[in-house]
Amino acid sequence: MPNVSTQPLSISEKEELYQQIVEYSDETTVIHSNQKVLYINQPGADFFKTSKTALIGANVVDVFTEDYQELIIERIRKGMEDRTIAGLMETTVKRADGSVADVELYCYPVQYGKTAAIQSIIRDVTAQNQTMRDLQQLENEISTPVVPIIDGLAILPLVGSVDGNRTTQLLDIIPQKIEGQNLDCLIIDVSGIYNIDHVVAEFLYKIDHIMRLLGIKLIFTGIRPELALKAIEARVDFSQLKTMGTVKQALKQYLTAN
């Protein structure tokens with residue numbers, strides 16, 4: 001039988017064996033201590049679009065975008081002091097070519113040779129997040145139908161929750177949807193909006209100004225008392241908006257005036 005050594009591995013041998021194992025991982029693996037990068041595998045260097053030599057010894061915090069750096073510093077501090085596993089979080093990182101990537105970050109304490117360190121696993125989710133954003137964009141477009149009624153008049157019923165992201169999309173989508181329809185009036189019914197808050201109030205004010213610039217008159221219907229109250233709290237001036245209680249009332253007024 002061949003002789004099998006039972007002697008414990010030296011510190012350097014353990015580090016070398018560990019690196020050999022991690023190199024086979026497809027995910028970016030970084031080992032750092034006191035914010036200094038001690039090791040990064042080749043897939044990690046490829047992901048950051050630079051060499052391993054350029055990253056080893058660098059400040060690991062610098063790879064994160066500025067809006068996340070303070071959070072990362074605190075996360076590292078707790079990990080080094082408490083030696084506890086940090087939960088999965090989503091953040092953004094900068095790469096050597098200037099591009100930014102969405103990533104999931106998972107960290108846990110390790111012993112790297114004689115050094116107490118943290119191992120961070122970074123998983124690129126940029127494509128996944130872009131797909132989700134595209135699907136959300138498509139969903140918002142589908143749920144924002146501009147319904148022609150007669151020449152010059154259409155109705156836009158808004159349904160569901162309206163948050164900051166959706167209002168930004170709506171301010172872009174609505175002008176695109178009415179382009180080429182030769183409208184002089186658009187009725188926007190908000191009775192189907194779930195949330196009533198200052199975000200909705202500010203959206204109504206902004207879309208009204210945009211439509212005015214395009215030469216289209218807006219009539220808002222379905223504004224509930226709580227939305228009017230939120231508008232007052234947010235100091236949004238509703239006095240310039242044309243409002244009616246229901247779509248039926250708005251149609252009747254439009255037809256009578258025309």
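As the structure is a computational prediction, the values presented were derived from the model and not from experiment.
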Cluster link V199 to L241, ILVMFWY, side chain under 4.5 Å: no
Side-chain hydrophobic cluster, 4.5 Å single linkage: members besides I219: V147, I149, I150, L153, I155, I187, M244, V247, L251, Y254, L255
Spacing of CG belonging to L204 relative to CD1 belonging to I193, to within rounding of 0.5 Å: 6.5 Å
Donor + acceptor pair across side chains of N129, E90 (<3.5 Å): yes
Shared hydrophobic cluster, V30 / I56 (ILVMFWY, side-chain heavy atoms < 4.5 Å): yes
hydrophobic_cluster_shared for Y112 and I121, side chain cutoff 4.5 Å: yes
Min side-chain heavy-atom separation T92-V103 under 4.5 Å: no
D46, CG atom: more than 12 neighbouring heavy atoms under 6.0 Å: yes
Interatomic distance, T126 atom OG1 to R95 atom CZ [nearest 0.5 angstrom]: 6.0 Å
Other residues, nucleotides, ligands: >12 heavy atoms within 6.0 Å of D67 CG: yes
Within 6.0 Å of NZ in K36, more than 12 heavy atoms from elsewhere: no
Rounded distance (nearest 0.5 Å) linking atom CE of M80 with atom OG of S33: 3.5 Å
Within 6.0 Å of CD in E70, more than 12 heavy atoms from elsewhere: no
Any donor-acceptor N or O pair under 3.5 Å, side chains N165, Q169: no
Cluster overlap V100 with I122, hydrophobic side-chain contacts below 4.5 Å: no
Residue E74 excluded, over 12 heavy atoms near CD under 6.0 Å: yes
Same cluster (ILVMFWY, side-chain, under 4.5 Å), I188 and Y205: yes
Cation over ring face, R123 and Y106, 6.0 Å, 45°: no
Residues R77, E81: salt bridge by 4.0 Å N-O rule: yes
T65 side chain reached by V93 side chain, heavy atoms, under 4.5 Å: no
Euclidean distance, T168 OG1 relative to K206 NZ, rounded to 0.5 Å: 7.0 Å
Interatomic distance, I174 atom CD1 to F203 atom CZ [nearest 0.5 angstrom]: 4.0 Å
Expected output: side-chain Q253 to main-chain Q249 donor-acceptor under 3.5 Å: no
